[in-house]
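A short worksheet on the structure shown next.
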Amino acid sequence: MSSTVEDPGALRWILGFLLVGAAWGLTNPFIRKAAVNYNPPQRTVLSNPNTNVVKRYIFKAIYAAIDLLKTPSYAVPLLINLTGSVWFFLLIGKAELSLTVPIVNSLAFLFTVLGDWLADRKVIPLSTWIGMGLVCGGIGLCVKSKTG
């Protein structure tokens with residue numbers, strides 16, 4: 001028996017790139033929105049003047065992380081974003097590295113613009129649309145340079 005690894009095909013590569021780009025890009029505006037809207041509860045250790053300054057900053061960071069992770073509007077997009085990182089790790093193990101990184105990062109930018117529109121209903125200006133078109137053209141040139 002020979003153990004040959006089959007090429008998953010272009011459609012599966014494209015789907016993988018799109019999933020990682022979407023997981024990274026679409027979630028960023030939602031994570032930001034939840035972080036901006038975060039109002040930390042009062043903690044006595046943070047307002048106590050007898051608490052060491054360094055200790056106060058450490059506790060502030062720990063409490064902020066715990067409170068944000070308890071907030072679904074922050075935790076769910078973060079979990080999806082981190083899942084995208086796992087998918088990316090799996091992709092770079094199989095796909096061409098010099099294609100995977102620019103494609104996925106470019107798609108993340110495109111999906112971030114879309115996520116901004118979904119999260120905050122931001123208007124996408126013409127210059128951004130032109131930039132997005134140029135990014136897509138750049139992705140096409142990268143793929144073309146590797147395939148022929």
Side-chain angles (χ1 to χ4, degrees), residues 1-43 45-46 54-148:
M1 276 194 194
S2 66
S3 66
T4 59
V5 178
E6 291 184 32
D7 182 23
L11 184 60
R12 287 184 61 191
W13 287 125
I14 292 169
L15 183 62
F17 295 149
L18 286 171
L19 283 173
V20 173
W24 283 351
L26 280 175
T27 57
N28 287 333
F30 292 97
I31 292 170
R32 180 186 177 282
K33 185 176 182 178
V36 166
N37 294 332
Y38 169 68
N39 291 316
Q42 293 296 323
R43 310 243 191 233
V45 71
L46 300 177
V54 174
K55 191 175 184 181
R56 195 177 314 148
Y57 280 114
I58 291 171
F59 277 126
K60 186 177 180 180
I62 291 170
Y63 285 135
I66 290 169
D67 291 340
L68 281 171
L69 290 174
K70 287 181 181 178
T71 308
S73 62
Y74 182 84
V76 171
L78 180 65
L79 180 64
I80 294 169
N81 190 294
L82 293 173
T83 302
S85 296
V86 172
W87 294 335
F88 178 72
F89 177 76
L90 295 173
L91 271 177
I92 62 172
K94 302 285 183 188
E96 174 75 33
L97 184 65
S98 62
L99 278 178
T100 303
V101 173
I103 289 173
V104 170
N105 285 321
S106 298
L107 288 171
F109 162 70
L110 299 175
F111 280 112
T112 298
V113 172
L114 178 62
D116 253 350
W117 177 76
L118 290 170
D120 295 327
R121 294 292 179 211
K122 287 186 180 177
V123 176
I124 303 171
L126 178 62
S127 59
T128 302
W129 284 107
I130 292 170
M132 291 168 61
L134 291 171
V135 167
C136 290
I139 292 172
L141 287 174
C142 284
V143 171
K144 177 77 172 126
S145 73
K146 291 293 181 179
T147 59

Please step through side chain to side chain contact (heavy atoms under 4.5 Å, CB included) for the pair Phe30 and Ile80, ending with a clear verdict. CA-CA 11 Å; Phe30 292 97; Ile80 294 169; over 6 Å; no

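Side-chain contact between Leu107 and Val20 is absent, with no heavy-atom pair separated by less than 4.5 Å. Phe111 is listed as a side-chain neighbour of Leu18, based on a closest heavy-atom distance under 4.5 Å. Side-chain contact between Asn105 and Trp24: present, with at least one pair of heavy atoms (C-beta onward) separated by less than 4.5 Å. Between Val86 and Phe89 the shortest side-chain heavy-atom distance does not fall below 4.5 Å. Leu91 is listed as a side-chain neighbour of Trp13, based on a closest heavy-atom distance under 4.5 Å.
The shortest non-hydrogen separation linking Thr83 to Leu79 is OG1-O, 2.7 Å. Trp117 approaches Ile124 most closely through the heavy-atom pair CB-CD1, 4.2 Å. Taking every heavy atom of both residues into account, Ala23 and Gly84 meet most closely at CB-CA, 3.6 Å. The two residues Pro102 and Ser106 make their nearest non-hydrogen contact at O-OG, 2.7 Å. Of all heavy-atom pairs spanning Asp67 and Pro41, the tightest one is OD2-CD, 3.4 Å. Contact detail for Ala64 and Tyr38: the closest heavy-atom pair is CA-OH, 3.5 Å.
The neighbour count for Arg32 CZ, taken as heavy atoms of other residues, nucleotides or ligands under 6.0 Å away, does not exceed 12. Surrounding OH of Tyr57 are at most 12 heavy atoms belonging to other residues, nucleotides or ligands under 6.0 Å away.
The side-chain hydrogen bond (donor to acceptor under 3.5 Å, both in side chains) search around Asn28 returns Asn81, not counting sequence neighbours.
Distance CG/Leu26 to CG/Asp116: 10.5 Å, rounded to 0.5 Å. Rounding to the nearest 0.5 angstrom, the gap separating the CG atom in Leu90 from the OG atom in Ser85 is 11.0 Å.
In summary, of the residues considered (Asn37, Ile31, Val36), a side-chain contact (heavy atoms from CB on, under 4.5 Å) with Lys33 occurs for Asn37 alone.
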